[in-house]
Amino acid sequence: MNRRWMRRDVLKTLAAGGGMLATPFALRTAFGAGDPDLHLRVMAAPAAMAIRSGPQTRGLRYTAEVLRGRRDAVRPAPGNLGPTLELRRGERVRIEVVNRTGEATVVHWHGMIVPESADGHPHQAVPSGERYTIEFTVRNPAGTYLYHPHPHPITGRQTYHGLAGLLIVRESGERDMGLPAPEHELALVLQDRRIGEDNQLVFKQMMMDDMNGVLGDRVLVNGVDDAAFKVAPRVYRLRVANVSNARIYKLAWSDGRPLRAIASDGGLFSRAEGVQERPYVTLFPFERVELIEDFGARRDGAEIALVSQRFSGVDMMGSMMGGGMMGGMMGGMMGGMMGPSQGAELHVARFTVSPGVRIRPAALALPKEEARAREGRHELHTQLAFRMMRGFLNGRSFDSQDMMAVADDERLPAGIASVWTFANDGRGMPMPHPIHIHGVRFRVIERSAGAVPEELRRGMLDAGYKDTFGIFPGERVRVQVAPAVPGLFMVHCHNLEHEDGGMMRNCLFEA
Ligand code: C2O
Ligand code: CU
Ligand code: CU
């Protein structure tokens with residue numbers, strides 16, 4: 001990164017009104033002499049959207065515009081989804097965030113390795129009517145990232161009502177890898193929702209929602225219900241992002257063909273890892289997977305669906321009732337009364353193959369692995385627990401009175417690789433958690449055997465670089481993490497109701 005950039009403070013229009021959510025903090029960022037390559041404005045505001053036929057759905061929505069630089073950096077999305085931001089690696093980006101939501105908010109750039117000042121930590125939230133500006137240089141490799149709100153403890157509600165969008169990083173080298181060109185890419189943002197008769201979104205209804213996280217009974221794709229795509233008989237690159245509050249997907253093709261993954265949260269797999277073929281892909285909230293799919297291998301006019309297959313073993317009611325058949329039955333019965341359940345079979349999207357000339361897939365040349373950071377000696381341990389509707393990391397919840405609090409076991413060195421072990425065996429409810437760390441890409445190096453439910457095991461995708469991983473009850477997962485940028489970041493459960501329920505802590509990457 002350009003050192004010059006480290007010197008100047010950001011121009012942040014700080015909240016004039018003060019108050020807890022607007023506490024001023026020292027803003028230092030990669031920002032400096034000269035203008036950025038790209039200047040965007042992202043606004044969060046109420047909106048009415050056509051999610052399906054009938055009355056419009058009220059909610060929130062991000063809009064964005066290019067103030068300076070490439071016009072193609074913002075691509076509108078349908079339905080209640082924010083526009084897709086397309087950045088290039090190495091680009092210097094300035095983003096003005098405008099809050100018109102009617103309440104505090106802040107934007108987090110999920111998966112992006114940005115300075116602390118740009119990260120969108122809850123303490124950086126500004127009241128409605130305010131705006132702030134951040135800057136960063138795009139250091140992430142080509143991949144599928146996200147942006148979403150992060151004000152504590154209302155991230156779940158704001159995201160559910162429509163605040164979310166994709167952030168795609170491109171690199172010039174992708175052209176030589178045999179990957180489908182951007183016009184043969186499809187992005188699929190998956191969000192399960194409950195929609196009332198009046199077409200309005202139904203958020204939390206019952207106590208179970210705080211425990212399980214809010215689950216819907218239908219899946220919106222890119223903000224629309226019953227999404228359908230027309231595809232040419234050729235190879236596509238599909239970018240699939242789970243942007244659901246709490247839903248775990250077991251993604252599969254209706255015609256039984258395997259899924260071929262080329263990328264995970266943190267970009268393309270390396271040449272050595274290669275294309276990862278799975279009968280289905282298990283995708284936790286806020287994980288992403290990129291697939292390569294040859295629709296040319298189907299006949300003209302073929303209709304294929306992407307579905308989330310039924311699975312058991314993680315339904316909270318089921319496990320509470322002791323699992324097994326009794327548990328399953330009780331779980332099912334209770335589930336009926338308690339709303340949608342984890343593991344239900346769901347339709348995701350339809351694809352129709354247009355007739356035409358088959359275009360043969362090009363040979364893929366995935367990138368060489370990037371140099372790894374030197375291995376250090378540091379080890380970190382975090383025990384996960386969820387009880388009495390609150391989440392804990394090493395026995396602590398997020399402290400909304402002291403949002404910057406960092407304990408000793410939440411510090412790790414920047415610049416070298418440490419091993420961070422997560423153990424999902426704290427006192428409380430046994431449940432799966434999607435664990436996310438801000439500001440880094442890490443590798444899953446070990447999973448304790450035996451705890452991944454049989455029905456989801458073959459879909460686990462731990463290859464490549466991750467920023468979010470799923471951990472099942474009783475499991476221990478070790479990740480290797482080498483923060484490149486020092487600063488105060490976060491580690492949390494990305495089940496948004498768990499996150500809002502305090503299952504979130506700071507972590508400090510020390511220079
Ligand atoms: Cu995507 Cu702290 O979150
Ligand atoms: Cu994040
Ligand atoms: Cu959780």
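The figures that follow rest on heavy atoms only: side chains count, while hydrogens, waters and symmetry mates do not. Remember, it's 1-based here, ligands and their atoms both numbered in the order they're listed. Just so it is clear, the model here is predicted, and its values are computed rather than measured.
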Plane angle bin for [Y] and [X] - parallel if under 30°, tilted between 30 and 60°, otherwise perpendicular:
X	Y	result
H121	F398	tilted
Y160	F203	tilted
Y62	Y147	tilted
H436	H110	parallel
H494	F286	parallel

Could you tell me if R387 sits above the aromatic ring of F392, with its cationic atom closer than 6.0 Å to the ring centre and no more than 45 degrees from the axis? yes
Quick one about Q158 and E103 (side-chain donor to acceptor, distance below 3.5 Å, no hydrogens or angles considered), yes or no? yes
Rounded to the nearest 0.5 Å, the CD atom of E454 sits from the CZ atom of R457 at a distance of 4.5 Å
If I take atom OG1 from residue T382 and atom CG from residue N394, how far apart are they, to the nearest 0.5 angstrom? 4.5 Å
As a test of reading the structure, name the N/O/S atom of H148 that is nearest atom 1 (Cu) of ligand 1. NE2
Quick one: name the protein N/O/S atoms under 2.8 Å from atom 2 (Cu) of ligand 1, chain by chain. H150 NE2, H438 NE2, H492 NE2
Using a strict cut-off of less than 4.0 Å between a Lys/Arg side-chain nitrogen and an Asp/Glu carboxylate oxygen, indicate whether R372 and E369 qualify as a salt bridge. yes
Total protein N/O/S atoms whose distance from the Cu ion (ligand 3) is less than 2.8 Å: 3
